[in-house]
Amino acid sequence: TSLNLLLKMSVMVLTSFRWEEERSTDGSKWRFLEHNGPVFAPSYEPLPDKVKFFYDGKHMKLSPPAEEVATFFAKMLDHEYNMTKKNEKSKITDLNKCNFSQMNDYFKAQSEARKQMTKEEKRKIKEENERLLQEYGFCIMDNHKERIGNFRIEPPGLFRGRGDHPKMGMLKRRIRPEDIIINCSKDSKQPKPPPGKKWKEVRHDNKVTWLASWTENIQGSIKYIMLNPSSRIKGEKDWQKYETARRLKKCVDRLRTQYRDDWKSKEMRIRQRAVALYFIDKLALRAGNEKEEGETADTVGCCSLRVEHIQLYPKMDEQEFVVEFDFLGKDSIRYYNKIPVEKRVFKNLQLFLENKQPEDDLFDRLNTSILNKHLQELMDGLTAKVFRTYNASITLQQQLKELTTSDDSIPAKILSYNRANRAVAILCNHQRAPPKTFEKSMQNLQTKIDEKQIQLSTARKQLKAAKADHKASHDDKSKKTVEVKRKAVQRIEEQLMKLQVQATDREENKQIALGTSKLNYLDPRISVAWCKKYAIPIEKIYNKTQREKFAWAIDMAEKDYVF
DNA sequence: CCTTAGACTTGGACCAAAGTTT
DNA sequence: AAACTTTGGTCCAAGTCTAAGG
């Protein structure tokens with residue numbers, strides 16, 4: 001295989017950058033695609049006989065498939081959530097009568113044992129992982145060897161879902177080769193299914209980017225194996241996304257004027273559309289597709305907001321026309337916000353609420369499809385999510401400009417960067433649970449700061465003493481000592497400042513997740529340009545993976561880049 | 001027009017590896 | 001070298017949006 005790979009790679013064109021290569025115009029995503037297929041979950045290993053399962057107090061020997069399911073439950077025992085599944089057809093009808101404790105103990109012991117592994121054992125595992133990565137983790141797309149994102153198929157287990165999910169606890173079944181559709185090019189060496197097995201299908205569709213797919217049994221949706229963000233195909237798409245957002249920047253004033261105008265429309269559907277768009281623009285809300293009831297957790301976005309999700313306050317504290325939002329958004333993350341709106345918006349909302357029940361749709365004449373169709377007419381390629389990208393990126397750019405001070409130290413500038421990033425994360429409502437060790441880690445940092453402060457005052461005293469000494473003796477040696485002490489003070493001051501900045505940053509970041517906006521919403525060229533302008537090494541902003549993902553931007557953006 | 005399948009992007013938690021301190 | 005902390009990769013979804021089909 002490696003010889004084969006070499007041969008194929010030797011054909012590769014050695015252009016300087018692949019995002020400068022030509023792309024097709026007929027909607028095809030590639031011409032050549034070759035890969036080795038997915039890695040399947042390891043097959044089930046029955047437990048040793050000594051690990052017993054009890055039902056209703058009585059020992060029961062389970063068949064391997066039933067035992068596997070039992071182990072899923074056993075592994076859940078320590079989790080705070082309770083799986084409320086009514087189990088299998090057989091004798092086991094009541095989960096409460098199942099005693100998984102031996103199994104649970106066994107797995108705990110196993111995980112303990114894993115931690116105690118010798119270096120040698122760890123090395124072996126690492127090597128095996130590396131071997132799998134080399135064999136299955138890459139593909140050839142057109143003239144390039146590309147990293148695959150998720151080449152391992154998800155193992156079977158209990159579906160959890162997020163928030164209050166109606167399907168929590170359902171069995172997620174094992175995926176076999178017979179479930180997999182392979183996609184590759186006709187002239188490639190097709191991946192081989194495991195011995196004695198067959199793929200569901202092998203197709204050659206170059207209008208899509210995935211390498212393999214299967215249908216998952218919980219929602220019946222399709223899962224894909226696709227390329228890593230560092231790949232050409234993902235990078236180009238990403239670039240395109242930001243270019244669309246920049247086109248929105250050019251016409252956003254016009255669109256804003258228009259939707260404000262539409263607040264006065266005599267047609268209800270237009271008013272609703274205009275108010276929804278205002279929220280999407282101002283609050284960076286998601287579009288809010290309809291969801292099938294009972295299939296997923298009850299969450300909403302803009303178009304699917306219900307009456308119960310907003311409260312209107314003609315007057316609140318010092319402000320007029322305040323709208324209070326309180327709903328569960330994507331991943332059941334709560335969105336809570338109180339914002340003053342323009343009188344017209346407020347009046348419209350009152351109108352939309354008339355004669356409605358709490359569970360009725362706020363925008364009953366609107367859905368994402370209608371909204372997006374309208375947006376498409378306003379600007380080519382415009383959809384609701386472009387506003388999120390646009391507002392996130394423009395906010396970063398503005399905040400960076402506002403917060404960065406040229407003669408700040410590098411750590412201080414990075415604090416400014418993180419604050420700009422944070423402004424975006426807050427806008428997009430990217431929250432996280434405070435880390436479990438937050439308080440402790442804050443305390444540790446404070447201890448360090450206190451110590452450093454003591455160190456500093458000692459150093460300052462020493463400097464003073466050295467100065468006095470020098471004044472008295474005026475010799476070279478004492479002059480040198482003064483210099484040495486002066487340097488020491490300076491160094492400690494810097495260290496102290498760095499620690500204080502770190503503490504501020506961490507505190508402000510307690511409940512904010514920066515990752516998502518950094519990875520998905522912020523035009524990387526803004527960050528690259530900022531780094532160049534202030535001579536900040538790009539490594540301070542992007543780690544290795546991120547630099548790989550944003551290679552196109554790092555290559556492209558100069559210090560004067562403007563989003 | 002409405003519904004649904006399909007493709008692709010966006011999302012936070014968790015945990016092992018890497019890094020740092022004791 | 002053990003213990004502890006931080007980082008970043010993986011996991012496992014949950015969204016958005018387009019297009020095909022009825």
Side-chain angles (χ1 to χ4, degrees), chain A residues 27 29 41 79 111 114-115 117 119 122 125-126 129 133 149-155 157-163 165 167-168 172 181 183 205 207-210 213 215-216 218-229 233-234 237-238 240-241 280 286-292 295-297 299-304 328-333 367-373 375-376 381-389 392 425 428-438 440-445 447-448 502 506 511-521 542-546:
Chain A
K29 309 278 172 69
H79 278 83
S111 101
R114 250 197 313 278
K115 279 183 200 151
M117 278 188 306
K119 270 188 184 151
K122 283 183 182 166
I125 291 175
K126 204 172 170 183
N129 276 332
L133 174 68
N150 56 329
F151 57 94
R152 285 169 198 275
I153 288 189
E154 292 168 23
L158 295 182
F159 178 83
R160 173 62 185 84
R162 305 193 182 114
H165 198 114
K167 301 206 167 180
M168 173 175 68
K172 194 168 79 167
I181 301 173
N183 194 30
D205 181 357
K207 299 279 192 283
V208 298
T209 67
W210 52 268
S213 73
T215 301
E216 150 273 339
I218 304 290
Q219 332 266 352
S221 64
I222 307 170
K223 298 240 177 178
Y224 302 91
I225 288 182
M226 289 181 181
L227 296 194
N228 187 275
I233 209 155
K234 294 285 185 191
K237 201 71 190 300
D238 210 34
Q240 219 182 82
K241 174 180 80 186
I280 284 170
R286 295 188 187 81
N289 285 306
E290 306 97 296
K291 305 167 76 184
E292 209 176 333
E295 286 293 304
T296 61
T299 64
V300 297
C302 186
C303 294
S304 51
L328 297 182
K330 181 177 178 181
D331 291 317
S332 293
I333 302 281
N367 60 41
T368 55
S369 157
I370 294 170
L371 179 64
N372 280 335
K373 215 161 279 165
L375 292 175
Q376 185 58 240
L382 186 61
T383 61
K385 82 197 259 287
V386 179
F387 281 88
R388 241 167 112 81
T389 312
C428 294
N429 198 39
H430 291 143
Q431 303 185 37
R432 64 166 179 176
K436 288 192 178 70
T437 53
F438 184 83
K440 189 152 170 276
S441 108
M442 251 357 248
Q443 243 168 37
N444 290 157
L445 201 49
T447 315
K448 273 192 196 172
Q502 203 183 346
R506 193 175 298 178
Q511 312 206 58
I512 314 284
L514 298 186
T516 298
S517 50
K518 199 172 191 174
L519 238 42
N520 299 299
Y521 288 105
Y542 291 137
N543 66 29
K544 184 163 163 287
T545 318
Q546 295 169 157

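Chain letters run A, B, ... following the sequence lines, proteins first, then strands; residues in each count from 1.
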d(NZ, K518(A); C1', dT10(B)) in whole Å: 17 Å

Sugar-phosphate only, base, or nothing, as touched by T545(A) at under 4.0 Å among non-hydrogen atoms: sugar-phosphate

5′-ward residue of the pair P155(A)/A287(A) relative to DNA chain C: P155(A)

Nearest-angstrom distance from the residue atom CD1 of I370(A) to P of dC2(B): 7 Å

Contact under 4.0 Å: R152(A) side-chain N or O vs dG9(C) OP1/OP2: no

Under 3.5 Å donor-acceptor, Q376(A) side chain and G381(A) backbone: yes

Separation of K29(A) NZ from D205(A) CG (nearest 0.5 Å): 8.5 Å

Donor/acceptor link under 3.5 angstrom from R162(A) side chain onto base of dC12(C): yes

Nucleotide of dG12(B), dT5(C), dT21(B) approaching I333(A) most closely (side-chain heavy atoms): dG12(B)

Phosphate OP1/OP2 of dT9(B) contacted by Y521(A) side-chain N/O (<4.0 Å): no

Residue-phosphate contact under 4.0 Å: N289(A) side-chain N/O, dG15(C) OP1/OP2: no

Distance below 4.0 Å between K544(A) side-chain N/O and dG9(C) OP1 or OP2: no

Euclidean distance, atom CD of residue E290(A) to atom P of dT4(B) [Å, nearest integer]: 11 Å

Student check: side-chain heavy atoms of L371(A) and T368(A) closer than 4.5 Å: no

Side chains of T299(A) and K291(A), donor plus acceptor under 3.5 Å: yes

Any K291(A) side-chain nitrogen or oxygen under 4.0 Å from OP1 or OP2 of dG15(C): yes

dC17(C) phosphate, OP1 or OP2, under 4.0 Å from T383(A) side-chain N/O: yes

Closest listed nucleotide, where the reference is the side chain of S441(A) and the choices are dT10(B), dT9(B), dT6(C): dT6(C)

Check: S221(A) main-chain N/O paired with E216(A) side-chain donor or acceptor under 3.5 Å: yes

Position toward the 5' end of DNA chain C (nearest nucleotide), R506(A) or L382(A): R506(A)

dC17(C) OP1/OP2 closer than 4.0 Å to side-chain N/O of N372(A): yes

Touch class at under 4.0 angstrom, heavy-atom based, for G288(A) against every strand present: sugar-phosphate

Any donor-acceptor pair under 3.5 Å from N183(A) side chain to T209(A) backbone: no

Sugar-phosphate, base or nothing in reach of N543(A), heavy atoms under 4.0 Å: sugar-phosphate

Distance in angstrom units between K330(A) NZ and dC12(C) C1', rounded: 12 Å

Under 4.0 angstrom between T516(A) side-chain N/O and dG12(B) OP1 or OP2: yes

Presence of S369(A) side-chain N/O under 4.0 Å of dC2(B) phosphate oxygens OP1/OP2: no

Sugar-phosphate, base or nothing in reach of G220(A), heavy atoms under 4.0 Å: nothing

Residue met sooner reading DNA chain B from 5', once M226(A) and H430(A) are mapped to nucleotides: M226(A)

Heavy-atom donor-acceptor pair, K385(A) side-chain to dT9(B) base, under 3.5 Å: no

Rounded interatomic separation in angstrom, taking CG from L445(A) and P from dT21(B): 12 Å

Any N444(A) side-chain N or O less than 4.0 Å from OP1/OP2 of dT5(C): yes

Spacing between E292(A) atom CD and dT3(B) atom C1', to the nearest angstrom: 10 Å

Whole angstrom value for the distance that separates C1' of dC4(C) from NZ of K440(A): 7 Å

Touch class at under 4.0 angstrom, heavy-atom based, for G157(A) against every strand present: nothing

Among dA13(B), dA13(C), dC17(C), the one nearest A384(A) by side-chain distance: dC17(C)

Nucleotide dC17(C), atom P - distance to CG of N520(A) in whole Å: 14 Å

Side-chain N,O (T299(A)) to OP1/OP2 (dG15(C)) below 4.0 Å: yes

Closest nucleotide among dA14(C), dA13(C), dG6(B) to the H165(A) side chain: dA14(C)

Main-chain N/O of T516(A) paired to N520(A) side chain as donor or acceptor, under 3.5 Å: yes

Atom pair NZ/CG of K373(A) and N367(A) - distance to nearest 0.5 Å: 8.5 Å

Residue whose closest nucleotide on DNA chain B lies nearer the 5' end, W210(A) versus Q431(A): W210(A)

K223(A) side-chain N/O to dA7(B) phosphate OP1/OP2 under 4.0 Å: no

Any K207(A) side-chain nitrogen or oxygen under 4.0 Å from OP1 or OP2 of dA19(C): no

